[in-house]
Colleague: 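Got a structure for you, questions after.
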Protein chains: 2
Amino acid sequence: MPRNRRPRDREAKSAEIVEAAATLFAQVGFDKTSMASVARSAGITTTTIYWYFQDKEALLVAVLDHLLTEMLQGLQAQAAHSWTDRLLWVVERLQEHSKLVTAVHALSATSTTVATWHSAFHELTDALLAEELRQSGVDAAQIPAMARLGVFTIEGLLMHPLPREEQRAVLELLSARP
Amino acid sequence: MPRNRRPRDREAKSAEIVEAAATLFAQVGFDKTSMASVARSAGITTTTIYWYFQDKEALLVAVLDHLLTEMLQGLQAQAAHSWTDRLLWVVERLQEHSKLVTAVHALSATSTTVATWHSAFHELTDALLAEELRQSGVDAAQIPAMARLGVFTIEGLLMHPLPREEQRAVLELLSARP
DNA sequence: ACCTGAACACCGTTCAAGT
DNA sequence: ACCTGAACACCGTTCAAGT
């Protein structure tokens, strides 16, 4: 048996499943999306999904990886824009996927797979934010705590929809630092 | 038929169910706790729960109300302590129920019942925090945004466990205000 | 009024069987 | 290697039947 026989097809197929799942997870939510509906949307049988992914949680992690890759590409594509414009772009993207954020938080308490992804994700975002803060000339000693405060604020805004002005007031207060 | 016939018994029974559910929801999580296990823990049949609560979400709201009442009483009981001591007490209590917090966030996106409870809860906590800030002599115009930033930070710390020192660093940065 | 046992539609997952 | 249909254990919820 030859290794990597038709790897292209396998990847294409699993990508289709991931895309179908990504749409449904974002719109309907992870818990309320059945494996059957993912299969239907991908034009396959429920059991076929299990040939590509170990279980529903593994499918979620694949979806998260896919969205993260997309987001990092989108971020790179607009490197020309200002720091605050890019931050707003990230917030908007995350807002579209707030149901995924809550799902990750909920599952992190029980699933080690998701918990691992979650902390890796925050290591990445913390590093990105820290680098931006460093370039803004922020005192090095305060950077880690500030990066965390930034992440917490963004997640808070996702979880608690506020009128635009109040949202801006919070962000302004956050960035009003000595 | 007399109104309020044996209201004591009815309340006592539903309180037993709520307490059983509160323990399981906090330990196992809302989604992973079955109505059957709540019933078993309360010494009744699954269907009996539905005589006291419309559905699983209504049971969750009853649990949340119960915990909130307990927390407000506990807060009042230690009115003598300092403001920061009381805040730490609240954070510790919430940490024990972080699974409830994620459940509320996740369900708020789809359930109007839970979403309503969620915003009522935050109106209350915002008011409490704002009052504390007012008494600390904070500029009135900045209070609403500061209260929100405080809530977001507390929730962020619940969702992303950090070493004690880093946790303190974030809280210190938050309270380091002109 | 209160509680139950049997039943319903649905869920994630498995497995023997096909190609 | 890849995909399926039938089956399994479980879930939240309903309902007719009991007291």
Side-chain angles (χ1 to χ4, degrees), chain A residues 1-18 20-22 24-25 27-64 99 103 106-107 110-114, chain B residues 1-18 20-22 24-25 27-63 99 103-104 106-107 110-114:
Chain A
M1 342 162 179
R3 293 184 191 192
N4 290 334
R5 193 226 231 180
R6 308 275 225 116
R8 183 82 64 93
D9 285 9
R10 189 170 219 287
E11 269 171 42
K13 191 75 173 270
S14 86
E16 275 172 38
I17 299 173
V18 165
L24 288 169
F25 288 172
Q27 282 175 3
V28 187
F30 176 73
D31 280 308
K32 304 210 168 168
T33 298
S34 66
M35 294 295 262
S37 70
V38 173
R40 204 179 314 127
S41 161
I44 51 172
T45 300
T46 305
T47 39
T48 302
I49 299 178
Y50 289 87
W51 207 89
Y52 292 89
F53 303 94
Q54 210 192 6
D55 52 23
K56 203 183 176 187
E57 276 179 16
L59 178 56
L60 174 64
V61 169
V63 165
L64 293 172
K99 280 183 186 160
L107 289 170
T110 34
S111 153
T112 41
T113 328
V114 178
Chain B
M1 354 166 171
R3 295 184 189 192
N4 290 334
R5 195 224 233 180
R6 308 274 225 116
R8 184 81 65 92
D9 284 10
R10 186 169 223 287
E11 267 170 42
K13 191 73 172 271
S14 86
E16 276 173 36
I17 300 173
V18 165
L24 288 169
F25 288 172
Q27 281 174 3
V28 187
F30 176 74
D31 280 309
K32 303 209 169 169
T33 298
S34 66
M35 293 296 263
S37 71
V38 173
R40 203 180 314 128
S41 164
I44 51 172
T45 300
T46 305
T47 40
T48 302
I49 300 178
Y50 288 88
W51 207 88
Y52 292 90
F53 303 95
Q54 209 192 6
D55 52 23
K56 203 183 176 187
E57 277 179 15
L59 178 57
L60 173 65
V61 170
V63 166
K99 280 183 188 160
V104 168
L107 289 170
T110 33
S111 153
T112 41
T113 326
V114 179

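Letters A, B, ... mirror the listed sequences (proteins, then strands); counts begin at 1.
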Colleague: What integer distance in Å separates B:Met35:CE from D:dG12:C1'?
Modeller: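 Between C1' of D:dG12 and CE of B:Met35: 7 Å.
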Colleague: How many Å lie between CZ on B:Arg40 and P on D:dC11, as a whole number?
Modeller: 8 Å
Colleague: So what does A:Thr33 touch, heavy atoms closer than 4.0 Å: a base, only the sugar-phosphate, or nothing?
Modeller: sugar-phosphate
Colleague: Under 4.0 Å between any heavy atoms, over every strand shown, what does A:Phe53 touch: base, sugar-phosphate, or nothing? Just pick one.
Modeller: nothing
Colleague: Can you check the A:Tyr50 OH to C:dT13 P distance for me, whole Å?
Modeller: 4 Å
Colleague: For the backbone of B:Ser37 and the side chain of B:Ser34, can you confirm whether one donor and one acceptor N or O come within less than 3.5 Å of each other?
Modeller: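 Answer holds: yes.
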Colleague: Which distance, rounded to the nearest 0.5 Å, do you find between the OG of B:Ser41 and the CD1 of B:Ile17?
Modeller: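 If we round to the nearest 0.5 Å, B:Ser41:OG and B:Ile17:CD1 are 10.5 Å apart.
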Colleague: Tell me whether the side-chain N/O atoms of B:Arg10 come closer than 4.0 Å to OP1 or OP2 in C:dC2.
Modeller: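 For C:dC2, OP1 or OP2 has a side-chain N or O of B:Arg10 closer than 4.0 Å.
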Colleague: Have a look at A:Phe30 and tell me which of A:Leu24, A:Val114, A:Leu107 forms a side chain to side chain contact (heavy atoms under 4.5 Å, CB included) with it.
Modeller: A:Leu107
Colleague: B:Trp51 has an atom CH2; how far is it from atom P of D:dA16, in whole Å?
Modeller: 18 Å
Colleague: Of all the choices, D:dC2, C:dC2, C:dT4, which nucleotide is nearest to the side chain of B:Tyr52 once you look at every atom?
Modeller: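 The listed nucleotide nearest to B:Tyr52's side chain is C:dC2.
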Colleague: Do any side-chain nitrogens or oxygens of A:Ser34 fall under 4.0 Å of OP1 or OP2 in C:dC11?
Modeller: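 Yes, A:Ser34 has a side-chain N/O under 4.0 Å of OP1/OP2 on C:dC11.
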Colleague: Expressed in angstrom and rounded to an integer, what is the separation of B:Asp31 atom CG from D:dC10 atom P?
Modeller: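 Rounded to whole Å, this separation is 18 Å.
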Colleague: Counting only Watson-Crick or G-U wobble pairs whose two distances fall under 3.5 Å, which nucleotide matches C:dA1?
Modeller: D:dT19
Colleague: Do any side-chain nitrogens or oxygens of B:Thr48 fall under 4.0 Å of OP1 or OP2 in C:dC3?
Modeller: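 It does not, given that no N or O in the side chain of B:Thr48 lies less than 4.0 Å from OP1 or OP2 of C:dC3.
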Colleague: Can you tell me the pairing partner of C:dT14 across any strand shown, Watson-Crick or G-U wobble, with both distances under 3.5 angstrom?
Modeller: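 D:dA6 is the nucleotide pairing with C:dT14.
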Colleague: Please state how far atom CG in B:Leu59 lies from atom C1' in D:dC11, giving the value in whole angstrom units.
Modeller: 15 Å
Colleague: Which sits closer to the 5' end of DNA chain C, A:Lys32 or A:Thr47, going by the nucleotide each is nearest to?
Modeller: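 Upstream on the strand: A:Lys32.
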Colleague: Does A:Lys56 make a side-chain N or O approach to OP1 or OP2 of C:dC11 shorter than 4.0 Å?
Modeller: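 No, A:Lys56 has no side-chain N/O under 4.0 Å of OP1/OP2 on C:dC11.
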Colleague: Taking all heavy atoms of B:Tyr50 and all of B:Asp55, pick out the closest pair and write down the distance.
Modeller: CE2-CA, 4.0 Å
Colleague: Looking at the side chain of B:Asp55, which of C:dT13, D:dT13, D:dC2 is the nearest nucleotide?
Modeller: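 That would be D:dT13.
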Colleague: Nearest whole Å is fine: how far is C:dC11 P from A:Ile49 CD1?
Modeller: 12 Å
Colleague: Please check: side-chain N/O of B:Lys99 versus main-chain N/O of B:Gln27, any donor-acceptor pairing under 3.5 Å?
Modeller: yes
